[in-house]
Amino acid sequence: FSSVTSVLNMSIFKDQFVLEDLIQELKKKSTALSFGPLQSNGHISVQGSFPAIKLLRDFLLLKAKSLSEEDKREESKSHQRPKRRLQQHGLTPETSNFVYDADRVKQVVVLDTDIYHYMKYFFYRTFLVNDDIVISGITDGDITTVCIENAGSRSDAGQVLRVKEKIENQSIELHNALRKERIYFEDHTRDEKQRYKWACESLKPRYPYVLIIPYDTHIDVIGNSSEIFEFTKEV
(Lines give C-alpha, C1' and ligand atoms only; values in the text may rest on other atoms or scores of the structure.)
Protein backbone atom coordinates (compact mmCIF):
# COMPACT_ATOMS: atom_id res chain seq x y z
CA PHE A 1 0.00 0.00 0.00
CA SER A 2 2.74 2.45 -0.97
CA SER A 3 0.54 4.23 -3.53
CA VAL A 4 -3.17 4.82 -4.13
CA THR A 5 -5.10 6.50 -6.95
CA SER A 6 -8.16 8.70 -6.55
CA VAL A 7 -10.41 10.38 -9.13
CA LEU A 8 -11.54 13.82 -7.98
CA ASN A 9 -14.70 15.50 -9.24
CA MET A 10 -13.72 19.19 -9.32
CA SER A 11 -16.91 20.35 -11.05
CA ILE A 12 -18.29 21.49 -7.67
CA PHE A 13 -15.85 24.42 -7.82
CA LYS A 14 -16.40 25.48 -11.45
CA ASP A 15 -18.82 28.33 -10.59
CA GLN A 16 -16.32 29.98 -8.22
CA PHE A 17 -12.88 29.17 -9.66
CA VAL A 18 -11.08 28.68 -12.92
CA LEU A 19 -10.47 24.94 -12.50
CA GLU A 20 -7.06 25.07 -14.17
CA ASP A 21 -5.89 27.68 -11.64
CA LEU A 22 -7.29 25.62 -8.74
CA ILE A 23 -5.44 22.51 -10.00
CA GLN A 24 -2.19 24.52 -10.11
CA GLU A 25 -2.80 25.57 -6.50
CA LEU A 26 -3.33 21.93 -5.51
CA LYS A 27 -0.12 20.89 -7.31
CA LYS A 28 1.89 23.50 -5.40
CA LYS A 29 0.29 22.50 -2.10
CA SER A 30 0.60 18.72 -2.67
CA THR A 31 4.03 18.24 -4.24
CA ALA A 32 4.09 14.56 -3.17
CA LEU A 33 1.11 13.80 -5.44
CA SER A 34 1.01 13.16 -9.20
CA PHE A 35 -1.90 14.76 -11.09
CA GLY A 36 -3.31 13.57 -14.41
CA PRO A 37 -4.91 15.84 -17.05
CA LEU A 38 -8.11 17.70 -16.17
CA GLN A 39 -11.05 16.17 -18.07
CA SER A 40 -13.86 18.22 -19.67
CA ASN A 41 -16.33 16.91 -17.04
CA GLY A 42 -14.17 18.25 -14.20
CA HIS A 43 -12.63 14.90 -13.24
CA ILE A 44 -8.91 14.55 -12.54
CA SER A 45 -6.85 11.53 -11.46
CA VAL A 46 -4.45 11.90 -8.50
CA GLN A 47 -1.85 9.37 -7.38
CA GLY A 48 0.35 9.21 -4.28
CA SER A 49 0.63 7.96 -0.72
CA PHE A 50 -2.51 7.41 1.35
CA PRO A 51 -1.72 10.19 3.92
CA ALA A 52 -1.01 12.69 1.11
CA ILE A 53 -4.31 11.83 -0.63
CA LYS A 54 -6.11 12.22 2.70
CA LEU A 55 -4.55 15.68 3.31
CA LEU A 56 -5.67 16.74 -0.18
CA ARG A 57 -9.19 15.52 0.55
CA ASP A 58 -9.27 17.46 3.85
CA PHE A 59 -8.10 20.62 2.04
CA LEU A 60 -10.83 20.27 -0.60
CA LEU A 61 -13.48 19.60 2.04
CA LEU A 62 -12.52 22.83 3.81
CA LYS A 63 -12.75 24.72 0.50
CA ALA A 64 -16.18 23.20 -0.22
CA LYS A 65 -17.35 24.02 3.31
CA SER A 66 -16.21 27.65 3.00
CA LEU A 67 -18.13 27.97 -0.29
CA SER A 68 -21.23 26.49 1.34
CA GLU A 69 -21.02 28.98 4.24
CA GLU A 70 -20.51 31.83 1.75
CA ASP A 71 -23.67 30.74 -0.08
CA LYS A 72 -25.61 30.76 3.17
CA ARG A 73 -24.46 34.32 3.96
CA GLU A 74 -25.38 35.52 0.48
CA GLU A 75 -28.74 33.75 0.64
CA SER A 76 -29.55 35.50 3.90
CA LYS A 77 -28.86 38.86 2.17
CA SER A 78 -30.85 38.08 -0.97
CA HIS A 79 -32.89 35.10 -2.10
CA GLN A 80 -31.72 35.41 -5.69
CA ARG A 81 -28.95 32.78 -5.49
CA PRO A 82 -29.94 29.16 -4.79
CA LYS A 83 -28.17 27.31 -1.99
CA ARG A 84 -25.64 24.76 -3.28
CA ARG A 85 -26.17 21.35 -1.69
CA LEU A 86 -22.90 19.59 -0.98
CA GLN A 87 -24.73 16.27 -0.70
CA GLN A 88 -25.31 16.31 -4.48
CA HIS A 89 -21.55 15.98 -4.96
CA GLY A 90 -21.02 13.18 -2.46
CA LEU A 91 -19.68 15.44 0.30
CA THR A 92 -22.00 14.64 3.17
CA PRO A 93 -21.44 16.10 6.68
CA GLU A 94 -20.26 12.66 7.86
CA THR A 95 -17.10 12.93 5.71
CA SER A 96 -16.05 16.03 7.63
CA ASN A 97 -13.34 15.65 10.26
CA PHE A 98 -15.29 17.57 12.88
CA VAL A 99 -18.99 16.89 13.46
CA TYR A 100 -21.29 18.31 16.15
CA ASP A 101 -24.49 16.47 17.05
CA ALA A 102 -26.29 18.28 19.88
CA ASP A 103 -23.91 17.76 22.84
CA ARG A 104 -21.79 15.14 21.07
CA VAL A 105 -18.51 15.86 19.30
CA LYS A 106 -17.11 13.41 16.74
CA GLN A 107 -13.75 13.26 14.98
CA VAL A 108 -13.14 10.92 12.03
CA VAL A 109 -9.83 9.37 10.93
CA VAL A 110 -9.59 7.34 7.71
CA LEU A 111 -6.91 4.61 7.89
CA ASP A 112 -5.52 1.90 5.67
CA THR A 113 -7.09 -1.31 7.06
CA ASP A 114 -3.74 -3.11 7.39
CA ILE A 115 -2.33 -0.22 9.42
CA TYR A 116 -5.48 -0.21 11.57
CA HIS A 117 -5.01 -3.92 12.37
CA TYR A 118 -1.32 -3.39 13.14
CA MET A 119 -2.11 -0.46 15.45
CA LYS A 120 -4.84 -2.41 17.25
CA TYR A 121 -2.44 -5.31 17.87
CA PHE A 122 0.87 -3.60 18.67
CA PHE A 123 -0.19 -0.08 19.66
CA TYR A 124 -3.45 -0.86 21.44
CA ARG A 125 -2.71 1.85 24.02
CA THR A 126 -3.40 4.40 21.26
CA PHE A 127 -7.04 3.29 21.44
CA LEU A 128 -7.19 3.11 25.26
CA VAL A 129 -9.19 6.11 26.47
CA ASN A 130 -11.25 7.00 29.51
CA ASP A 131 -15.01 6.53 29.83
CA ASP A 132 -15.64 10.03 28.41
CA ILE A 133 -14.42 8.98 24.93
CA VAL A 134 -15.82 6.27 22.65
CA ILE A 135 -13.76 4.89 19.74
CA SER A 136 -15.30 2.70 17.02
CA GLY A 137 -13.91 1.37 13.74
CA ILE A 138 -15.86 0.56 10.56
CA THR A 139 -13.93 -1.49 8.00
CA ASP A 140 -14.85 -1.41 4.32
CA GLY A 141 -12.26 -3.39 2.36
CA ASP A 142 -8.91 -1.59 2.29
CA ILE A 143 -10.25 1.38 4.25
CA THR A 144 -11.19 1.59 7.93
CA THR A 145 -12.97 4.67 9.29
CA VAL A 146 -12.25 5.33 12.97
CA CYS A 147 -14.76 7.50 14.83
CA ILE A 148 -13.76 9.22 18.08
CA GLU A 149 -16.57 10.88 20.04
CA ASN A 150 -17.26 12.09 23.52
CA ALA A 151 -19.87 10.57 25.80
CA GLY A 152 -22.11 13.63 25.72
CA SER A 153 -20.31 16.73 27.02
CA ARG A 154 -19.27 19.35 24.47
CA SER A 155 -16.51 20.48 26.83
CA ASP A 156 -14.59 17.32 25.79
CA ALA A 157 -14.02 18.61 22.23
CA GLY A 158 -10.34 19.27 22.91
CA GLN A 159 -9.82 15.79 24.32
CA VAL A 160 -11.51 14.19 21.28
CA LEU A 161 -9.21 16.19 19.00
CA ARG A 162 -6.09 15.09 20.92
CA VAL A 163 -7.05 11.41 20.60
CA LYS A 164 -7.67 11.89 16.86
CA GLU A 165 -4.27 13.54 16.37
CA LYS A 166 -2.56 10.76 18.35
CA ILE A 167 -4.10 8.08 16.10
CA GLU A 168 -3.32 10.09 12.97
CA ASN A 169 0.34 10.69 13.87
CA GLN A 170 0.86 7.03 14.75
CA SER A 171 -0.70 5.89 11.47
CA ILE A 172 1.56 8.18 9.41
CA GLU A 173 4.67 6.79 11.12
CA LEU A 174 3.52 3.23 10.45
CA HIS A 175 2.61 4.01 6.85
CA ASN A 176 6.21 5.01 6.18
CA ALA A 177 7.66 1.92 7.93
CA LEU A 178 5.34 -1.01 7.18
CA ARG A 179 5.26 -3.35 4.22
CA LYS A 180 3.09 -6.38 3.43
CA GLU A 181 3.79 -9.83 1.97
CA ARG A 182 0.96 -12.15 0.94
CA ILE A 183 1.17 -15.95 1.02
CA TYR A 184 -1.41 -17.34 -1.42
CA PHE A 185 -3.05 -20.73 -0.84
CA GLU A 186 -4.15 -21.23 -4.48
CA ASP A 187 -5.26 -24.89 -4.76
CA HIS A 188 -4.04 -26.01 -1.34
CA THR A 189 -6.12 -28.52 0.61
CA ARG A 190 -7.59 -27.71 4.01
CA ASP A 191 -4.77 -29.64 5.74
CA GLU A 192 -2.12 -27.76 3.76
CA LYS A 193 -3.69 -24.43 4.73
CA GLN A 194 -3.60 -25.50 8.37
CA ARG A 195 0.10 -26.38 8.04
CA TYR A 196 0.80 -22.90 6.67
CA LYS A 197 -1.04 -21.33 9.61
CA TRP A 198 0.78 -23.59 12.06
CA ALA A 199 4.13 -22.64 10.48
CA CYS A 200 3.28 -18.95 10.89
CA GLU A 201 2.31 -19.43 14.54
CA SER A 202 5.47 -21.41 15.31
CA LEU A 203 7.70 -18.66 13.86
CA LYS A 204 5.86 -15.85 15.65
CA PRO A 205 8.10 -15.81 18.79
CA ARG A 206 11.16 -15.14 16.62
CA TYR A 207 9.42 -12.24 14.86
CA PRO A 208 7.58 -10.41 17.65
CA TYR A 209 6.77 -7.32 15.53
CA VAL A 210 5.31 -9.16 12.56
CA LEU A 211 1.51 -9.27 12.32
CA ILE A 212 -0.08 -12.36 10.75
CA ILE A 213 -3.64 -12.10 9.42
CA PRO A 214 -5.03 -15.42 8.05
CA TYR A 215 -7.80 -15.46 5.46
CA ASP A 216 -9.48 -18.33 3.56
CA THR A 217 -7.47 -17.67 0.39
CA HIS A 218 -4.20 -16.26 1.73
CA ILE A 219 -2.19 -15.07 4.74
CA ASP A 220 -1.11 -11.43 5.06
CA VAL A 221 2.21 -10.77 6.77
CA ILE A 222 2.73 -7.15 7.89
CA GLY A 223 5.86 -5.59 9.37
CA ASN A 224 9.10 -3.91 8.32
CA SER A 225 10.45 -5.06 4.95
CA SER A 226 13.45 -7.12 6.14
CA GLU A 227 11.49 -9.02 8.81
CA ILE A 228 8.51 -9.96 6.62
CA PHE A 229 10.87 -11.07 3.83
CA GLU A 230 12.75 -13.41 6.18
CA PHE A 231 9.52 -14.58 7.83
CA THR A 232 7.84 -15.41 4.50
CA LYS A 233 10.95 -17.22 3.25
CA GLU A 234 11.03 -19.38 6.42
CA VAL A 235 7.32 -20.19 6.19
Side-chain angles (χ1 to χ4, degrees), residues 1-7 30-34 36 45-58 95 107-129 133-148 163-235:
F1 37 81
S2 57
S3 180
V4 292
T5 301
S6 177
V7 177
S30 308
T31 54
L33 294 173
S34 174
S45 177
V46 186
Q47 187 175 41
S49 71
F50 188 82
I53 291 279
K54 182 180 176 300
L55 287 173
L56 176 66
R57 184 206 63 165
D58 291 346
T95 61
Q107 288 278 354
V108 176
V109 184
V110 182
L111 301 177
D112 180 284
T113 296
D114 292 319
I115 289 177
Y116 173 72
H117 287 317
Y118 197 91
M119 286 178 68
K120 287 281 284 184
Y121 191 86
F122 290 109
F123 298 90
Y124 62 92
R125 290 184 181 276
T126 306
F127 297 94
L128 288 180
V129 290
I133 304 292
V134 177
I135 299 179
S136 58
I138 302 170
T139 297
D140 182 11
D142 293 336
I143 301 297
T144 295
T145 303
V146 178
C147 298
I148 309 108
V163 173
K164 180 231 180 187
E165 289 175 346
K166 185 179 177 184
I167 293 173
E168 217 165 30
N169 292 337
Q170 183 70 67
S171 72
I172 290 172
E173 283 184 29
L174 291 174
H175 186 278
N176 294 330
L178 294 180
R179 297 293 180 267
K180 177 169 73 173
E181 286 282 349
R182 179 165 286 178
I183 302 170
Y184 289 98
F185 290 142
E186 298 175 355
D187 297 325
H188 291 75
T189 65
R190 185 176 178 182
D191 287 344
E192 287 172 330
K193 292 178 183 180
Q194 283 301 118
R195 284 205 296 273
Y196 268 98
K197 292 175 182 178
W198 176 85
C200 288
E201 290 298 323
S202 65
L203 287 169
K204 229 176 182 180
R206 289 171 49 196
Y207 297 89
Y209 297 108
V210 167
L211 178 64
I212 304 156
I213 308 178
Y215 296 93
D216 288 338
T217 56
H218 62 273
I219 297 174
D220 280 344
V221 183
I222 303 168
N224 71 53
S225 57
S226 60
E227 282 200 331
I228 63 171
F229 174 77
E230 289 297 327
F231 181 91
T232 307
K233 189 168 70 173
E234 288 200 44
V235 170

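Starting from 1, each residue takes its place in the sequence as its number.
Distance check: E227 CD to L178 CG gives 10.5 Å after rounding to the nearest 0.5 Å. Note that the OH atom of Y116 and the OG1 atom of T145 stand 10.5 Å from one another [nearest 0.5 Å]. Separating the CG atom in D112 from the NZ atom in K180 is a distance of 7.0 Å, to the nearest 0.5 Å. Once rounded to the nearest 0.5 Å, the distance linking CD of E168 with CD of Q107 reads 8.5 Å. Atom CD of E165 and atom CD1 of I148 lie 10.0 Å apart (nearest 0.5 Å). Between atom CG of residue D220 and atom CD of residue E181 there is a gap of 10.0 Å, rounded to the nearest 0.5 Å.
Remark: R206 engages E234 in a salt bridge (Lys or Arg N to Asp or Glu O under 4.0 Å) (not counting sequence neighbours). Every residue two or more places apart in sequence or in another chain that forms a side chain to side chain donor-acceptor pair (under 3.5 Å) with S226 is listed here: N224. When the side chain to side chain contact (heavy atoms under 4.5 Å, CB included) test is applied to T5, the partners found at least two apart in sequence or on another chain are S45, Q47. For E230, the salt bridge (Lys or Arg N to Asp or Glu O under 4.0 Å) partners at least two apart in sequence or on another chain are K233. Partners of Y215 by ring-ring contact (aromatic ring centres under 6.0 Å, His included), not counting sequence neighbours, listed by chain and number: H218. Qualifying side chain to side chain donor-acceptor pair (under 3.5 Å) partners for T144, counting only residues two or more places apart in sequence or in other chains: T113, T139. Judged as a side chain to side chain donor-acceptor pair (under 3.5 Å), and not counting sequence neighbours, D142 has no contacts. The side chain to side chain donor-acceptor pair (under 3.5 Å) check on N169 picks up nothing, with sequence neighbours excluded. Here E201 pairs with K204 under the salt bridge (Lys or Arg N to Asp or Glu O under 4.0 Å) rule; sequence neighbours left out. For the side chain to side chain contact (heavy atoms under 4.5 Å, CB included) test, residues two or more places apart in sequence or in another chain that qualify with D191 are T189, R195.
With I219 as the fixed residue, the side-chain contact (heavy atoms from CB on, under 4.5 Å) test singles out one of T232, V235, I212, I213: I212.
Two residues are said to be in side-chain contact when any heavy atoms from C-beta on lie closer than 4.5 Å; L56 and L33 meet this criterion. By the 4.5 Å heavy-atom criterion applied to side chains, F50 and V110 are counted as neighbours. Two residues are said to be in side-chain contact when any heavy atoms from C-beta on lie closer than 4.5 Å; F231 and C200 meet this criterion.
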Please lay out, stage by stage, how V210 and L203 fare under the test side-chain contact (heavy atoms from CB on, under 4.5 Å).
CA-CA 10 Å; V210 167; L203 287 169; over 6 Å; no
Scan the side chains in residues 118-127 for donor-acceptor partners under 3.5 Å anywhere in the protein, sequence neighbours excluded, and list what turns up.
residue	atom	partner	partner atom	Å
Y118	OH	Y209	O	2.7
T126	OG1	F123	O	3.0

